[in-house]
Participant: 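Just dropping this structure here.
What you see is a predicted model; the values in this text were computed from it and never measured. By convention here, the first residue in the shown sequence is residue 1.
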Amino acid sequence: MARMGSETAVARELRVNREKACALFDRCQDVNIIPLGDGQSEDAVALIVYCASLMDEQESRRIRTLLAEPLLRELSGGPAAAPDCESRLREAGARHQAELFEDWKEIEDKVWQGYLFLVAEGWTHAAGFKSAGLTKRQVTEPVSEPSVQGPREGTVETLAVNLGMLRQRVGTSRLKIEYLTAGKVLRTNIAFAYVDDTVDAGMLAEFRERIGRIAPYEVLDTSFVEDAIQDSQWSPFPQHRYTERTDTAAASLLDGKILVLTDNSPMILICPAFFVDFFTTSEDYYVRTVYASTIRLLRLLAFAIALTLPSAYVAMSTFHPELIPNILLLAILDAREGIPFPAIVEALIMETSFELLREAGIRLPRPVGSAVSIVGALVIGQAAIMAKIASPIMVIVVALTGIASFAIPHYEMAIAIRLLRFPLILAASFMGGYGLMLGFILILLHLCCLQTLRQPYLSSFAPLKLRDLRDVIVRAPLKALMRSPRNRRLHAGAPGKDGKR
């Protein structure tokens with residue numbers, strides 16, 4: 001609040017307030033500063049200030065009509081008249097109660113949040129009313145995480161709406177939500193949520209310390225927060241994961257995770273994320289145990305194929321042909337007859353072409369992108385075979401690799417596999433199976449050393465925890481998962497020690 005005599009305090013004289021408002025919003029032509037009279041004299045007795053680009057035009061007209069002569073005659077009552085203004089504005093569609101402000105710096109911040117302010121002659125406060133604002137995107141099914149079974153509720157770009165949907169799912173006072181603001185220009189609102197007595201206390205303290213450093217920086221999206229709090233900036237493996245599903249976010253809270261939400265972003269950041277988390281989906285918990293476990297094993301197989309198939313083909317065809325059955329080896333040699341490039345060049349050409357097609361399909365408009373990616377793959381594959389640039393076997397290998405990468409449910413992990421595939425191909429071309437094995441060992445060493453919020457990235461595998469293996473490679477029956485000690489503490493109301501994973 002402003003102190004008495006402050007240069008930014010709301011003055012009693014309307015003329016002074018109008019000068020302050022004009023100076024504060026200089027060259028902001030979307031901010032309307034409108035003087036109002038009482039109909040009995042030419043002098044203005046009140047002033048309304050709002051940002052037209054943050055308010056619906058029809059609502060703005062209703063409010064301006066409401067602030068007419070009968071209401072202005074009541075303004076002589078000073079700030080005590082705010083309830084009268086509130087009741088009139090509520091009739092016009094305003095959804096929030098009147099708030100009083102006595103500092104123009106506070107008023108400036110609220111104007112950019114969609115508030116309309118009323119200042120009258122003789123007032124030392126400004127009455128602010130939160131408008132309904134512009135029409136936002138409605139809650140729809142998540143695009144990036146489709147599901148055959150389960151809820152269809154996805155997040156939107158409004159922080160308050162996302163937090164409200166989260167509160168509906170986790171209706172307990174144990175769900176704690178804390179706010180902070182980042183940036184001096186954007187002033188982005190950031191919220192992080194966790195369930196008390198479930199989240200690890202040490203991990204929460206580490207998270208608070210890291211996210212506190214982001215305050216001086218401008219934040220445009222949730223991904224800016226991820227970049228600031230992750231342990232390793234240069235690791236290809238994601239240490240946190242995103243979701244647009246409120247059911248996934250609620251399940252993560254019960255699992256002791258921390259959620260990060262930012263205004264103007266539909267993505268929820270789940271902190272931390274372990275290696276095994278990137279092979280699970282929300283639908284795993286809405287189907288039968290046998291189905292969920294089989295599909296999860298299929299995803300792990302897809303991970304192995306997407307990472308190793310091209311490099312394994314290069315290693316065996318170049319260095320270890322004795323490992324290939326004779327009939328298959330003769331078929332490969334016959335298919336490669338007339339190919340002027342070694343297997344490594346052939347693999348790099350086809351893999352690069354496939355990645356270019358995939359990126360083009362993503363960036364093009366959706367109705368065109370899918371057609372371009374499918375037709376382009378068929379045309380380029382067939383043309384490469386006929387031009388003797390690539391063999392049919394290599395086209396099949398690249399196609400299987402691409403299909404396997406699409407089966408990985410989380411985009412961040414799929415990108416990591418795409419990046420690691422090329423070093424493995426190069427290692428296999430130089431040293432064959434030994435190079436491939438050396439690449440695997442280096443990746444495994446990196447995963448063992450990697451941490452996320454000071455937690456082991458390979459948690460559940462290393463250190464080994466048998467209790468958590470019920471929901472890693474296969475999915476145990478839901479009754480076994482619901483009876484975990486952590487959830488029993490949560491539902492029974494007994495405080496846990498630290499809620500470690």
Participant: For Glu7, is there any backbone N or O sitting under 3.5 Å from a side-chain donor or acceptor partner on Lys20?
Facilitator: yes
Participant: Can any side-chain N or O of Thr172 pair as donor or acceptor with the backbone N or O of Arg174 at less than 3.5 Å?
Facilitator: yes
Participant: Any side-chain heavy atom of Phe278 within less than 4.5 Å of one from Ile408?
Facilitator: no
Participant: Check whether any side-chain N or O of Arg169 sits under 3.5 Å from a backbone N or O of Ala250 as a donor-acceptor pair, and report yes or no.
Facilitator: no
Participant: So, Glu218 side chain and Val185 main chain: donor-acceptor pair closer than 3.5 Å or not?
Facilitator: yes
Participant: Hey, mind stepping through Thr8 and Glu106 against side-chain contact (heavy atoms from CB on, under 4.5 Å) and telling me if it holds?
Facilitator: CA-CA 9 Å; Thr8 60; Glu106 292 181 286; over 6 Å; no
Participant: May I ask you to decide if the ring planes of Phe237 and Tyr457 are parallel, tilted or perpendicular, using 30° and 60° as cut-offs?
Facilitator: tilted
Participant: Filter on ring pair (Phe, Tyr, Trp, His ring centres under 6.0 Å), then keep only pairs touching residues 149-196, sequence neighbours left out; what's left?
Facilitator: Phe192-Phe207
Participant: Any Lys/Arg nitrogen of Glu355 or Arg418 sitting under 4.0 Å from an Asp/Glu carboxylate oxygen of the other?
Facilitator: yes
Participant: Without swapping roles, check the side chain of Asp284 against the backbone of Thr281 for a donor-acceptor pair under 3.5 Å.
Facilitator: yes
Participant: Under 3.5 Å, is there a donor-acceptor pair between the side chain of Glu178 and the main chain of Ala191?
Facilitator: no
Participant: Ignoring hydrogens, what is the shortest heavy-atom contact between Asp103 and Ala9? Give both atom names and the distance.
Facilitator: OD1-N, 4.1 Å
Participant: Between the side chain of Ser235 and the main-chain N/O of Ser232, is any donor-acceptor distance below 3.5 Å?
Facilitator: no
Participant: Donor-acceptor pair, Arg241 side chain versus His410 backbone, under 3.5 Å?
Facilitator: no
Participant: What distance separates Thr198 OG1 from Asp255 CG, expressed to the nearest 0.5 Å?
Facilitator: 9.5 Å
Participant: May I ask you to test the Phe224-Tyr217 pair for a side-chain heavy-atom distance under 4.5 Å?
Facilitator: no
Participant: Do the non-hydrogen side-chain atoms of Glu226 and Cys271 ever get within less than 4.5 Å of each other?
Facilitator: no
Participant: Counting N and O atoms only, with roles assigned by atom type, does the side chain of Asn17 sit under 3.5 Å from a partner on the main chain of Ala11, one being a donor and the other an acceptor?
Facilitator: yes
Participant: Heavy atoms, side chains only, cut-off 4.5 Å: are Pro456 and Phe461 in contact?
Facilitator: no
Participant: Report yes or no: does Thr222 contribute a side-chain atom to a donor-acceptor pair with the main-chain N or O of Met267 at less than 3.5 Å?
Facilitator: yes
Participant: Contact between Arg421 and Ser405 at the side-chain level, heavy atoms closer than 4.5 Å - yes or no?
Facilitator: yes
Participant: Closest heavy-atom contact between Val111 and Phe25?
Facilitator: CG2-CZ, 3.9 Å
Participant: Which heavy atom of Ala249 sits nearest a heavy atom of Leu166, and at what distance?
Facilitator: CB-CD1, 3.9 Å
Participant: Carefully, step by step, assess Glu244 and Thr155 under the rule side-chain hydrogen bond (donor to acceptor under 3.5 Å, both in side chains).
Facilitator: CA-CA 5 Å; Glu244 290 183 88; Thr155 52; 4.7 Å; no
Participant: Charged N to carboxylate O under 4.0 angstrom, Arg210 versus Asp231?
Facilitator: yes
Participant: Hey, what do you get for CG (Leu478) to CZ (Arg288), rounding to the nearest 0.5 Å?
Facilitator: 11.0 Å
Participant: Answer yes if the side chains of Glu145 and Thr243 hold a donor-acceptor pair under 3.5 Å, and no otherwise.
Facilitator: yes
Participant: Tell me, please, which residues at least two apart from Arg245 pass salt bridge (charged side-chain N to carboxylate O under 4.0 Å, His left out).
Facilitator: Asp247
Participant: Taking only Lys NZ, Arg NE, NH1 and NH2, and the carboxylate oxygens of Asp or Glu, determine whether Arg187 and Asp263 approach each other closer than 4.0 Å.
Facilitator: no
Participant: Evaluate Arg475 against Ser293 for side-chain hydrogen bond (donor to acceptor under 3.5 Å, both in side chains), listing each step before the verdict.
Facilitator: CA-CA 5 Å; Arg475 199 217 77 189; Ser293 300; 5.9 Å; no
Participant: With a 4.5 Å heavy-atom cut-off, do Thr280 and Pro409 have their side chains touching?
Facilitator: no
Participant: With salt bridge (charged side-chain N to carboxylate O under 4.0 Å, His left out) as the test, would you mind laying out the steps for Arg15 and Glu121 before giving the verdict?
Facilitator: CA-CA 8 Å; Arg15 174 186 57 81; Glu121 182 73 35; over 6 Å; no
Participant: Would a 4.5 Å heavy-atom cut-off, applied to side chains only, mark Leu420 and Ile443 as touching?
Facilitator: yes
Participant: Below 4.5 Å, heavy atoms only, C-beta onward: do Val49 and Ile33 meet side chain to side chain?
Facilitator: yes
Participant: So how far is it from Thr262 OG1 to Leu180 CG, rounded to the nearest 0.5 Å?
Facilitator: 10.5 Å
Participant: Once the angle between the rings of Tyr115 and Phe101 is folded into 0 to 90°, is it parallel (under 30°), tilted (30 to 60°) or perpendicular (over 60°)?
Facilitator: perpendicular
Participant: Distance check, rounded to the nearest 0.5 Å: Thr248 atom OG1 versus Leu259 atom CG?
Facilitator: 10.5 Å
Participant: For Val260 and Ile268, what are the C-alpha separation, side-chain angles and deciding distance, and is it a side-chain contact (heavy atoms from CB on, under 4.5 Å)?
Facilitator: CA-CA 6 Å; Val260 180; Ile268 299 177; over 6 Å; no
